[in-house]
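Report on the structure given below.
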Amino acid sequence: SVTFNVAGTGCSLSDSTLSVSAEANKDATCTVSATKAQSTNYNEATSADQTVTVVAATPVFDAYSPVSAQVGSADLVLDDPTLQVNGAAFSAGAISWSSTDIAVADVAGSTLSFVGVGSTTLTATFTPTDSTNYDTVTLDVAVTVTVIPASGGGGDDDEEVVSPVPSATPTPVVGPRGPVGRPGVG
């Protein structure tokens with residue numbers, strides 16, 4: 001049979017699985033070795049020590065949908081994106097927002113204002129409370145701001161878009177020899 005030995009703060013072994021607890025800070029090390037017991041046909045054998053260095057965990061953002069609006073639309077209060085670490089929800093930190101083009105969309109706190117036509121990128125920056133053991137991460141969110149379409153009145157989205165009505169009487173085109181397009185004239 002094989003037995004494993006582990007040394008280091010916050011390190012533990014269960015069967016052949018090494019786990020690191022919250023006690024082990026970033027850059028802590030665990031040393032692991034394995035020993036094969038002597039048997040009828042084999043002598044005892046011990047592996048060389050293997051050193052495992054703990055690194056900071058990197059939170060991962062869940063999906064966040066792009067934002068589309070029209071110039072002058074009501075401000076939007078942005079929901080904070082959710083994060084995970086090792087498949088578990090993680091929220092020990094703060095989210096801040098910024099815009100790459102404030103002439104298109106500007107953000108103050110978590111309130112987004114639609115300023116001008118165009119596209120920009122919002123960046124959500126997550127800063128963990130424990131910046132020693134968790135990385136700061138960012139998420140980019142696409143924002144598109146379009147013009148307000150012409151409408152027939154009150155701005156209801158269900159209203160028909162009105163186009164200019166053509167004149168009922170065509171305007172004659174006059175060439176150097178008189179009106180054009182009338183047979184026999186000119």
If you count every heavy atom of other residues, nucleotides or ligands that lies below 6.0 Å from I102 atom CD1, does the total exceed 12? no

S47 (side chain) donor-acceptor with A34 (main chain) under 3.5 angstrom: yes

For the student: nearest non-hydrogen atoms of [X] and [Y], plus distance:
{"X": "V2", "Y": "K36", "answer": "CG2-CD, 4.0 Å"}
{"X": "V137", "Y": "P59", "answer": "CG1-O, 3.5 Å"}
{"X": "A92", "Y": "F126", "answer": "O-CZ, 3.6 Å"}
{"X": "V71", "Y": "G116", "answer": "CG2-C, 3.7 Å"}
{"X": "A74", "Y": "F114", "answer": "O-CE1, 3.6 Å"}
{"X": "A124", "Y": "F61", "answer": "O-CZ, 3.9 Å"}

[Y] and [X], any side-chain heavy atoms less than 4.5 Å apart:
{"X": "L112", "Y": "W97", "answer": "no"}
{"X": "V32", "Y": "N5", "answer": "no"}
{"X": "Y64", "Y": "T82", "answer": "no"}
{"X": "P128", "Y": "T136", "answer": "yes"}
{"X": "V52", "Y": "L18", "answer": "yes"}
{"X": "C30", "Y": "Q50", "answer": "no"}

Pairing donors with acceptors under 3.5 angstrom, does anything connect the side chains of [X] and [Y]?
{"X": "S99", "Y": "D106", "answer": "no"}
{"X": "D135", "Y": "T58", "answer": "yes"}
{"X": "T111", "Y": "D75", "answer": "no"}
{"X": "T120", "Y": "T100", "answer": "yes"}
{"X": "D140", "Y": "T121", "answer": "no"}

Step by step, work out the side-chain contact (heavy atoms from CB on, under 4.5 Å) result for V104 and V115. CA-CA 5 Å; V104 174; V115 180; over 6 Å; no

What is the distance from atom [atom1] of [X] to atom [atom2] of [Y], rounded to the nearest 0.5 Å?
{"X": "T138", "Y": "L122", "atom1": "OG1", "atom2": "CG", "value": "12.5 Å"}
{"X": "T132", "Y": "K26", "atom1": "OG1", "atom2": "NZ", "value": "7.5 Å"}
{"X": "Q84", "Y": "S91", "atom1": "CD", "atom2": "OG", "value": "11.5 Å"}

With a 4.5 Å cut-off on side-chain heavy-atom distances among I, L, V, M, F, W and Y, is there a chain of contacts connecting V143 to V77? no

Transitive ILVMFWY side-chain link L76 to I148, under 4.5 Å: no

Worked verdict on Y134 versus T129 for side-chain contact (heavy atoms from CB on, under 4.5 Å): CA-CA 8 Å; Y134 296 93; T129 304; over 6 Å; no

Whichever hydrophobic residues join V20 through chains of side-chain contacts under 4.5 Å: V54

Apply the side-chain contact (heavy atoms from CB on, under 4.5 Å) test between L83 and each candidate in V60, D62, I95; give the one that qualifies. I95

